[in-house]
Protein chains: 2
Amino acid sequence: MRAGQPVTIRDVAQRAGVSSATVSLVLNNVADSRVSAATAERVRAAASELAYAPNLVARGLRRRRTNTIAVLSDEIATTPFASRMIGAIQDVAMRNGLLVFMVNTAGDPETERSAVVAFNQQQVDGFVYACLYHRVVDLPPGLGSNVVVLDGRTRRPRFPAVVPDDRGGARAAVTELLAHGHRRIGFVNDYSATVAADLRLKGYRDALREHGVRFDKRAVRNAEPGLEPSAEAAVRLHEDAGVTALFCFNDRVAIGAYHGLRRHGLAVPRDVSVVGFDDQEFVADYADPPLTTVALPHYAMGQWAAEELIERINGGTDQPRVCEMPCELVRRGSVGPPRADGT
Amino acid sequence: MRAGQPVTIRDVAQRAGVSSATVSLVLNNVADSRVSAATAERVRAAASELAYAPNLVARGLRRRRTNTIAVLSDEIATTPFASRMIGAIQDVAMRNGLLVFMVNTAGDPETERSAVVAFNQQQVDGFVYACLYHRVVDLPPGLGSNVVVLDGRTRRPRFPAVVPDDRGGARAAVTELLAHGHRRIGFVNDYSATVAADLRLKGYRDALREHGVRFDKRAVRNAEPGLEPSAEAAVRLHEDAGVTALFCFNDRVAIGAYHGLRRHGLAVPRDVSVVGFDDQEFVADYADPPLTTVALPHYAMGQWAAEELIERINGGTDQPRVCEMPCELVRRGSVGPPRADGT
DNA sequence: CTGAAAGCGCTTACAG
DNA sequence: CTGAAAGCGCTTACAG
């Protein structure tokens, strides 16, 4: 042990007057190593006096297990969405003594490939493949079997995955509107045909059917990205299709609807009730009036993914389980009864 | 090379009919290793045929350099704010062949300490200490000298740090209001006495002074967190102090102001102009009307921090430079001239 | 009960 | 020009 050099196991061994093998056995609490209590005590004392902390790189090389995982994400780690997914993964990892690498690939297949290679070179124990929104993904090659898909699923269910129950969430949203007496309920859906768009439409229809309301395709519109298209769709649904309530693909669409309605002198929820989806922080809660919406269970999904991955790493299972996480309705101020005059 | 086992340098050596030392020299392009062109070619061919990728854990152990960095953050990685800071760090890291560990410590000193220990055991080459908002921090012990503070600074300038120029940004915001003819300009500041709050107040006063407008402390109010206190403060400033324009500590305060003003039948910007701070995505741009605000240079700050850290790791400098990143005004729709009648 | 030895997969002086 | 050897800091059978 030279000054300025890190403390190694040999320094501890020397100070305790034993071999480094013995130090390793003691500090790792190896079960069937019959080290005498006195020796063990000396070792622990020496380690603590020197503030010894094992070099994890050396350990990783030797054990062929690094206690690290990599989170690959399209944009998620650098986007305001779903940061709770990342938070959950980190919480679980920390509780389990894992360190987490994070990279965002911007969804670029080439970047994904090279990231997978790099992390495999780094000998990570497993991967979480995280998506920005619920969709079907093609996993890059080389991920091995210790991988969990987060907020997405593979075409064939060969890998474990956790996704939100979009259909159930949409059903809950529309049921809330029905429960307030609405019968003409519009749906402003996302323009691109994602899994989420498809499932939320199904949930919308489920709720209508359960309440004996006939599905009318004129009450459904798709809005391209941005506020304006959503504003436009909302106004048209109210004025042309006569809806008294709107279910929106997400909170941002709902905010677009707010803008359009306000411009037309229509108040939420007095004239039109609105429900969103996502429960996006600072969007749903900061809307005026605060938006009733369906919460995406980001934290719970991240937690599930991390725990599932750890179980696989530990050899606990290799079943490709798929988890559908329930989505709760969050009631705020954007839903009321339809106007008495029915307009 | 056994089936199913990873390819090692020995496999490549064997296939090329050379020693592993030679393989290492060739693949690392070691300058003064006079390997014959023919041998080098054989080695490269063998490596490529076997799709050899060096084990970075072994390399890290040997070289005492892991090409990894750790980002320690209070909440940032898991919060909608400032995810662009993280994105920038990752971009720079990827360009430089570094892998990045990420952890959020929730600002808890105990968690911070143990994270630092863990990452040191993992032999990371350096740290970025990232803050959620511009503040003075006490760094946890053990970070060594390869550390850069992001969006914060230490009490004494012993470490490199990058922070936004809050004062200049505030000055630009208030100057914008003055340029539109406002003379009674209120400031809704943050309740807690942070660096940001202090500097933004200074910038507010700078702008007034430059335009010969007397500072009036009745035009300044502090708002506690949440929409309501900001709404209240905005209304009081307009009705009691007679301000025609508001500079808000951040976009969320501005949204609170919007709510309060609207409830009192006041329109933005017709009755009251508003400027925010942060340019928070989906808050400033989704406000109605879209909010004129000052952008926090998150990407640029993250980039600076990562590049500075890499330079330190490479021994390029050990000066504790502090960078003040300019904050640009983003003009949207919330600023207009004061009402002609002066109310 | 404990130590000597081998080895994880690399890199780097050193010898020839 | 190239190989044998040592060593980074651990862990793990194995011998005694």
Side-chain angles (χ1 to χ4, degrees), chain A residues 1-2 4-44 46-47 50-68 120-125, chain B residues 1-2 4-44 46-47 50-68 120-125:
Chain A
M1 181 190 172
R2 298 209 306 275
Q5 292 290 96
V7 179
T8 73
I9 198 171
R10 296 191 53 196
D11 300 318
V12 178
Q14 216 169 313
R15 176 176 259 257
V18 297
S19 72
S20 61
T22 300
V23 174
S24 176
L25 294 173
V26 170
L27 297 185
N28 286 303
N29 294 309
V30 175
D32 58 345
S33 78
R34 287 161 302 176
V35 180
S36 74
T39 306
E41 201 34 63
R42 277 212 320 287
V43 168
R44 276 187 238 283
L50 297 174
Y52 169 68
N55 180 323
L56 297 180
V57 174
R59 173 183 285 173
L61 177 61
R62 178 59 230 241
R63 283 197 184 156
R64 300 160 155 287
R65 169 58 124 122
T66 54
N67 282 309
T68 60
N120 277 327
Q121 290 187 255
Q122 191 65 43
Q123 315 295 118
V124 299
D125 297 330
Chain B
M1 182 190 172
R2 297 209 304 275
Q5 292 290 95
V7 178
T8 73
I9 198 172
R10 295 192 53 197
D11 301 318
V12 178
Q14 215 169 314
R15 176 175 260 257
V18 297
S19 72
S20 60
T22 300
V23 174
S24 175
L25 294 174
V26 170
L27 297 185
N28 285 304
N29 294 309
V30 175
D32 57 346
S33 78
R34 288 162 300 177
V35 179
S36 74
T39 306
E41 202 34 65
R42 278 213 319 288
V43 168
R44 277 188 238 283
L50 297 175
Y52 169 68
N55 180 323
L56 298 181
V57 174
R59 173 183 286 175
L61 177 60
R62 179 58 230 241
R63 283 195 184 159
R64 299 158 155 288
R65 201 331 180 151
T66 54
N67 282 309
T68 60
N120 278 326
Q121 289 188 255
Q122 191 64 44
Q123 315 296 121
V124 298
D125 297 329

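A note on names: the letters A, B, ... follow the listed sequences, proteins ahead of strands, and every chain is numbered from 1. Hydrogens, waters and symmetry mates are skipped; everything else that's a heavy atom, side chains included, is used.
Spacing between atom CG of B:Asp32 and atom C1' of C:dT11 amounts to 13 Å, rounded to whole angstrom units. Distance CG (A:Asp11) to P (D:dC8): 11 Å, rounded to an integer number of Å. When rounded to the nearest whole Å, the span between CG of B:Asn120 and P of D:dG9 equals 15 Å. In this structure, B:Asn28 places its CG atom 10 Å from P of C:dC10, rounding to the nearest Å. Put simply, CD on A:Gln122 is 15 Å from C1' on C:dC8, counting in whole angstrom units. Per the geometry, CD1 belonging to A:Ile9 stands 6 Å off P belonging to D:dC10, to the nearest Å. One can place CD of B:Gln123 at 15 Å from C1' of C:dC10, the figure rounded to the nearest angstrom. Between A:Arg10 atom CZ and D:dT11 atom C1' there is a gap of 15 Å when expressed in whole angstrom units.
At the heavy-atom level, A:Val30 lies nowhere under 4.0 Å from the strands shown. Counting non-hydrogen atoms under 4.0 angstrom, B:Arg64 reaches the backbone sugars and phosphates but no base. Residue contacts for B:Arg63: at a heavy-atom cut-off of 4.0 Å it reaches the sugar-phosphate backbone alone, with no base atom in range. Note on B:Ser33: nothing from the nucleic acid sits closer than 4.0 angstrom, heavy atoms only.
Minimum interatomic distance between B:Thr22 and B:Val43 (heavy atoms only, all atoms of both residues): CG2-CG2, 4.5 Å. Taking both residues in full, the closest heavy atoms of B:Gln121 and A:Pro54 are given as NE2-O, 2.8 Å, listed atom of the first, atom of the second, then distance. Nearest heavy atom pair, residue B:Tyr52 against residue B:Val7, reads CD1-O, 3.6 Å. For the pair A:Val23 and A:Ile9, the tightest heavy-atom approach, listed with the atom from each and the gap, is CG1-CG1, 3.5 Å. Nearest heavy-atom pair, B:Leu61 versus A:Val57, reported as atom, atom and distance to 0.1 Å: N-CG1, 3.7 Å.
Nearest nucleotide to the B:Leu61 side chain, out of C:dG3, C:dC10, D:dG9: D:dG9. Each of C:dG9, C:dT2, D:dC1 was ranked by its minimum atom distance to the side chain of A:Thr22; first place goes to C:dT2. Side-chain proximity of A:Ser19 to the nucleotides C:dG3, C:dC10, D:dT11 is greatest for C:dG3. Of the listed nucleotides (C:dC10, D:dC1, D:dC10), C:dC10 has the atom at the smallest distance from the side chain of B:Pro54. Among the nucleotides D:dT2, C:dT2, C:dC10, the one closest to the side chain of A:Val35 is C:dT2. With C:dT12, D:dC1, C:dG3 as the choices, the nucleotide that has an atom nearest any side-chain atom of B:Ser24 turns out to be C:dT12. For A:Ala21, taking side-chain heavy atoms from C-beta onward, the closest of the listed nucleotides C:dG3, C:dC10, D:dG3 is C:dG3.
Between B:Leu25 and B:Arg62, the residue whose closest nucleotide on DNA chain D is further toward the 5' end is B:Leu25. Comparing B:Arg34 and B:Ala58, the nucleotide of DNA chain C nearest to each residue sits closer to the 5' end for B:Ala58.
Distances shown here put every side-chain N or O of A:Thr39 at or beyond 4.0 Å from the OP1 or OP2 atom of C:dC1.
With a cut-off of 3.5 Å on both pairing distances, the Watson-Crick or G-U wobble partner of C:dC1 is D:dG16.
With a 6.0 Å radius and a threshold of 12 heavy atoms from other residues, nucleotides or ligands, B:Arg10 has its CZ atom at or below the threshold.
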